[in-house]
Amino acid sequence: MNLKRVRLDLPEGYNYGLSIFSGWSQLVPFAIDAENRALSRVQVLSSGKIVRATTREGDGGAVTIDVECGFELDIEDLEEVRGVFEIILRLNDDFSPLYDLLARYPEFSWVEEAGAGRSIRCPTVFEDVVKTICTTNASWGLTKGIVRRLCERLGEHFSGELHAFPTPEALASTTEDILRAEVKSGYRSPFLLELGRSVVGGDLDVESWRGSPFDSAALKKEMLVVKGVGDYAANNILHLLGRHDFLALDSWMRKRYAELHNDGEPASDREIEDHYAPFGEWRGLVMNLDMSKEYILKRIQ
DNA sequence: GCGTCCAGGTCTACC
DNA sequence: GGTAGACCTGGACGC
């Protein structure tokens with residue numbers, strides 16, 4: 001196995017330890033090593049080489065990426081890995097407008113102090129959409145199981161039990177029976193299959209969503225055409241794209257809001273939306289931060 | 001070990 | 001536009 005190391009500079013104030021523990025890191029082909037604060041991922045490069053890349057905190061506000069591969073790695077391969085992790089870690093997202101906004105709200109002073117706000121995402125929108133569909137109407141345990149079986153059944157094999165995330169082509173070429181019987185994605189199976197086939201057939205270009213010139217409402221309308229993507233899923237995908245002007249309300253968020261802001265009584269979605277409306281284009285992220293404050297502060301202690 | 005109940009969003013049909 | 005019921009899995013629980 002060949003091993004190469006890449007260095008990745010982090011923006012000032014970037015909280016690497018906090019970012020890598022956000023939700024997606026628990027879903028393969030990501031893997032988290034809590035003790036060593038390391039995030040790894042199996043990735044197929046455009047050269048066809050399959051690598052496992054592992055980030056760890058380095059010196060002077062940087063992380064190192066150790067890249068393992070059964071083949072010799074060249075400069076282009078390593079640059080691609082660097083680019084993949086720039087996307088995953090959201091290194092180019094600018095959170096200073098959020099911190100400026102929250103400076104007016106003392107109850108959120110902890111956000112900038114903690115360097116909070118970033119959560120990891122997948123290198124492709126396709127993977128983000130598939131994973132989001134897998135979270136719908138499912139416990140976290142079920143989501144993890146579906147995604148793991150999806151990679152094991154359809155992803156390129158790296159070594160041992162490690163697989164990459166399936167390509168749209170791999171998803172498109174499977175069958176609903178396999179998804180139901182082996183991946184156990186249940187009634188989501190035809191949605192996943194249709195997504196893969198629409199992407200491969202060119203009817204749906206989910207990667208264009210990342211740089212879309214449209215506003216979030218227009219983009220959301222486009223997302224809702226995808227079977228299996230409803231209101232929650234579309235809002236979550238917008239969040240992953242770096243747009244935070246819709247609230248990704250799921251049952252946990254509603255329950256948490258009731259505990260924190262409504263004396264334990266259920267609040268309507270409209271009430272929750274009104275509560276975070278003052279935060280404008282950042283309201284979705286502010287809600288996420290508000291709901292997760294306890295967890296985040298515990299994590300950075 | 002088996003059966004039952006429940007939680008978790010989205011889709012479709014219906015009003 | 002709003003609502004009810006079906007969809008499917010896995011965990012919790014009682015027997």
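The sequence lines fix the lettering, A, B, ..., with proteins before strands; numbering per chain opens at 1.
Partners of Leu260(A) under the side chain to side chain contact (heavy atoms under 4.5 Å, CB included) rule, at least two apart in sequence or in another chain, are Arg256(A), Met291(A). Applying the salt bridge (Lys or Arg N to Asp or Glu O under 4.0 Å) criterion to Asp74(A), with sequence neighbours excluded, gives Lys49(A). Applying the side chain to side chain donor-acceptor pair (under 3.5 Å) test to Glu79(A) and every residue at least two apart in sequence or in another chain returns Arg82(A). With sequence neighbours excluded, no residue forms a side chain to side chain contact (heavy atoms under 4.5 Å, CB included) with Ser251(A).
Put simply, chain A comes within 4.0 Å of DNA chain B, heavy atom to any atom, from dG8(B) to dT12(B), going 5' to 3'. Heavy-atom contacts of chain A under 4.0 Å fall on DNA chain C between two terminal nucleotides, which in 5' to 3' order are dC7(C) to dG10(C).
Shown here for Arg7(A) and Asp59(A), the closest heavy-atom pair between the two residues is NH1-O, 3.6 Å. Nearest heavy-atom pair, Ala114(A) versus Leu18(A), reported as atom, atom and distance to 0.1 Å: O-CD2, 3.8 Å. Nearest heavy-atom pair, Leu171(A) versus Leu192(A), reported as atom, atom and distance to 0.1 Å: CD2-O, 3.3 Å. The two atoms that bring Ser22(A) and Ser119(A) nearest to each other are OG-CA, 3.4 Å, heavy atoms only. Shortest non-hydrogen contact noted between Arg37(A) and Gly17(A) is NH2-CA, 3.5 Å.
Between the Glu207(A) side chain and the Thr124(A) main chain, no donor and acceptor come within less than 3.5 Å of each other.
Among residue pairs with one or both ends in residues 160-218 of chain A, those qualifying as ring pair (Phe, Tyr, Trp, His ring centres under 6.0 Å) are His157(A)-His163(A); sequence neighbours excluded. Residue pairs meeting the ring pair (Phe, Tyr, Trp, His ring centres under 6.0 Å) criterion with at least one member in residues 11-65 of chain A: none, sequence neighbours excluded.
Five base pairs at each end of the helix from dG1(B)-dC15(C) to dC15(B)-dG1(C) define two local axes, and these are offset by 30° (rounded to 10°).
Taking CD of Glu194(A) as the reference point, atom OG of Ser189(A) lies at 12.5 Å (rounded to 0.5 Å).
Using the six-membered ring where Trp is involved, Phe108(A) and Phe279(A) have ring planes that are perpendicular, over 60° apart on the 30 and 60° scheme.
Only Thr136(A), Asn137(A), Ala138(A), listed by number, bring a heavy atom of residues 126-141 of chain A to less than 4.0 angstrom from any atom of DNA chain B. Within residues 174-190 of chain A, the residues approaching DNA chain C are Arg180(A), Lys184(A), Gly186(A), Tyr187(A), by heavy-atom distance under 4.0 Å. Residues of residues 219-244 of chain A having a heavy atom closer than 4.0 Å to DNA chain B, listed by number: Val226(A), Lys227(A), Gly228(A), Val229(A), Gly230(A), Asp231(A), Tyr232(A), Ala233(A).
With salt bridges taken as basic N to acidic carboxylate O contacts below 4.0 Å, one links Lys131(A) and Glu127(A).
As judged by a 4.0 angstrom heavy-atom cut-off over every strand, Arg149(A) is placed among residues touching the sugar-phosphate backbone only.
In the model, Asp290(A) has no side-chain atom that pairs as donor or acceptor with a side-chain atom of Tyr257(A) under 3.5 Å. Side-chain polar atoms of Ser47(A) and Glu76(A) form no donor-acceptor pair below 3.5 angstrom.
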